[in-house]
Amino acid sequence: MNHVLVLNSGSSSIKYQLVDVTSGEAVAGGLVERIGEPEGSLRHDGPSGRTERTQAVADHTAGVRAVLDLFEEVGPSLADLEIVAVGHRVVQGGDRFTEPTLVDDDVEAAIEDLSPLAPLHNPPNLAGIRAARTAFPDLPHVAIFDTAFHHTLPPEAYTYAIDRETARAYGIRRYGFHGTSHAYVSRRAAAMLGKEPSEVNVIVAHLGNGASITAVEGGCSVETSMGLTPLEGLVMGTRSGDIDPAVIFHLQRVGGMSTDDIDTLLNRRSGLLGLAGANDLRDVHAAIESGDEEAALALEVYCHRLRHYVGAYYAQLGRVDAIAFTAGVGENDDVVRLESLSGLERLGIVVDPERNEGRKKAETVISPDDAEVAVLVIPTNEELEIAQQAVAVVQGG
């Protein structure tokens, strides 16, 4: 049996899932939170149901140890399942890592070297890798990079129009993110159309607290909204997305704000939170229902930006076979799905209001049967994607 332990290590958390790649099912999974705080929390979902507890988790090494203890105590037994690999999500692979990669000391060092491009993500990703390699010294560890799916971007799509020597010196270009999700969803979209990925053009909208949209041509990413960092592109929960770069200079010169102040503003105090006072769209909808005009504007800005990108990517692709919504907002918010595609009927993009209504827990077609462009909702499964890529690397090696 092909079981892979998938680890997604954040700055103070470890999300994990044990995946049976043969069936595509998650055998168990859970979350370790508040690592490094006086009291951490653990949640484990296994064959016996959910186990929850609080305990101090000093660092990621202790976090991985806590995960192993939970498997040993409440199951399933990792020893009995013969794990074939540990798959790790790594956000930034830069120009070096364009495919899933077996982890060794040199790869660890390279991930660390790339940390300036993803200072909030790569260091905890690396901490999880090091802790897991210590816990599982005899298993192959595979790093799956968020940026890897976007290595097919053409130069005209990934190049910023700044001084070329400066760009080369500091690695400034569009890298793109959410690659595992975009890869999984675009392939599932092709399958729903009864075609191979190489035969279809798909626009994938990954809408969560972080959000990105990607144009996938014949199975390859050719345009994506996030850039050097995950800040660029769509309006997000707390991130501004696209903004005139001169706003930064204006805030420095006129507002007296420091670089760190502006970083915090654009990454943590903008987006829906900045416009509506809430980063969760459920709260935004509730505010709209109570008559909050600023919340209503926030939703309009959110959908306007998304519609803008759909139109731009339609132009880049020339032909679009499907638009796929995924992630927390994409799967659950029927208002966003409907409003972000309104007015695009002349492009063959139509949403059936009845089919669109409500949350979607399964793959669903929300466009009419005769629509030129299929509009789909596809629950993402990044853990399965990571597990499948890890097994392919191990078996290929």
Side-chain angles (χ1 to χ4, degrees), residues 6-15 60 86-133 141-153 155 157-160 162 166-184 204 206 208-214 220-221 223-234 236-241 259 263 266-268 327 380 382-383 385-386 389-390 393:
V6 176
L7 297 179
N8 183 351
S9 299
S11 58
S12 61
S13 67
I14 299 173
K15 181 181 179 182
H60 284 77
V86 181
H88 299 269
R89 179 196 178 211
V90 180
V91 166
Q92 178 59 268
D95 290 327
R96 174 169 177 177
F97 298 108
T98 59
E99 57 187 19
T101 304
L102 277 172
V103 177
D104 56 20
D105 292 345
D106 289 339
V107 170
E108 280 192 11
I111 293 171
E112 187 167 26
D113 289 343
L114 290 165
S115 290
L117 292 175
L120 299 179
H121 298 92
N122 271 35
N125 295 160
L126 182 57
I129 289 173
R130 286 172 169 160
R133 289 186 73 198
H141 292 254
V142 182
I144 285 80
F145 297 88
D146 271 11
T147 51
F149 181 63
H150 302 298
H151 82 276
T152 53
L153 290 173
Y158 69 67
T159 302
Y160 289 117
I162 67 171
T166 301
R168 289 169 185 162
Y170 297 102
I172 299 173
R173 51 158 287 176
R174 181 181 305 282
Y175 291 105
F177 299 90
H178 293 144
T180 53
S181 179
H182 287 296
Y184 175 83
V204 178
H206 176 107
N209 191 51
S212 64
I213 185 167
T214 294
C220 298
S221 171
E223 278 281 6
T224 193
S225 58
M226 286 180 167
L228 173 74
T229 75
L231 179 60
E232 188 180 4
L234 301 175
M236 305 177 221
T238 65
R239 300 177 199 150
S240 65
T259 300
D263 189 318
L266 298 182
N267 275 293
R268 301 184 185 278
T380 192
E382 294 174 270
E383 289 79 14
E385 179 70 19
I386 290 171
Q389 291 191 27
V393 169

Measuring from atom CG of Leu234 to atom CE of Met226, what distance do you get when rounded to the nearest 0.5 angstrom? 7.5 Å
Can you tell me how far the CG atom of Asn267 sits from the OG atom of Ser240, to the nearest 0.5 Å? 7.5 Å
Examine distances only and state if a side-chain atom of Asn8 and a backbone atom of Lys15 form a donor-acceptor pair shorter than 3.5 Å. no
Considering only heavy atoms from C-beta outward, does the side chain of Leu153 approach that of Thr224 to under 4.5 Å? yes
A side-chain contact here means heavy atoms from C-beta on lying under 4.5 Å apart; do Leu7 and Val86 qualify? yes
Quick check: are there more than 12 heavy atoms from other residues, nucleotides or ligands sitting under 6.0 Å from OH of Tyr160? yes
Hey, what do you get for CG (Asn122) to CG (Leu117), rounding to the nearest 0.5 Å? 8.0 Å
Is there a donor-acceptor contact under 3.5 Å from the side chain of His121 to the main chain of Ala118? no
Quick one: list whatever passes ring-ring contact (aromatic ring centres under 6.0 Å, His included) with His88, sequence neighbours left out. His141
Please report the C-alpha distance between Ile111 and Ile129 in whole Å, then the side-chain angles of each, then the deciding distance to 0.1 Å, and finally whether the side-chain contact (heavy atoms from CB on, under 4.5 Å) criterion is met. CA-CA 10 Å; Ile111 293 171; Ile129 289 173; 3.9 Å; yes
Output, in order, the C-alpha distance, side-chain angles, deciding distance and verdict of side-chain contact (heavy atoms from CB on, under 4.5 Å) for Val90 and Ile144. CA-CA 6 Å; Val90 180; Ile144 285 80; over 6 Å; no
For Arg174, which residues count as a salt bridge (charged side-chain N to carboxylate O under 4.0 Å, His left out) partner, sequence neighbours excluded? Glu232
Indicate whether the side chain of His178 and that of Ser212 have a donor and an acceptor atom separated by less than 3.5 Å. yes
Who pairs with Phe97 by ring-ring contact (aromatic ring centres under 6.0 Å, His included), at least two apart in sequence or on another chain? Phe145
Output all residues satisfying salt bridge (charged side-chain N to carboxylate O under 4.0 Å, His left out) with Glu223, sequence neighbours left out; order by chain, then residue number. none
Do the side-chain N and O atoms of Glu385 and Thr180 include a donor-acceptor pair separated by under 3.5 angstrom? no
So which heavy atom on Thr152 is nearest to which on Ser221, and how close? OG1-O, 2.7 Å
Reported NE2-to-CG distance for the pair His60 and Asn125, which is rounded to 0.5 angstrom: 8.5 Å
As an exercise, state the distance from CG of Leu228 to OH of Tyr175, rounded to the nearest 0.5 Å. 6.5 Å
Kindly state each residue pair satisfying side-chain hydrogen bond (donor to acceptor under 3.5 Å, both in side chains) with at least one member in residues 100-119, sequence neighbours excluded. Asp105-Arg133, Glu108-Arg130, Glu108-Arg133, Glu112-Arg130
Measure the shortest side-chain to side-chain distance between Tyr184 and Glu382 over non-hydrogen atoms and say whether it is less than 4.5 angstrom. no
So salt bridge (Lys or Arg N to Asp or Glu O under 4.0 Å) across residues 86-99, not counting sequence neighbours, yields Arg89-Asp146, Asp95-Arg173
Closest contact, heavy atoms only, Phe177 versus Thr147: CE2-CG2, 3.8 Å
Minimum heavy-atom separation for Pro124 to Ser9, with atom names? O-CB, 3.3 Å
Check whether the side chains of Ser181 and Thr380 place a donor and an acceptor atom closer than 3.5 Å, and report yes or no. yes
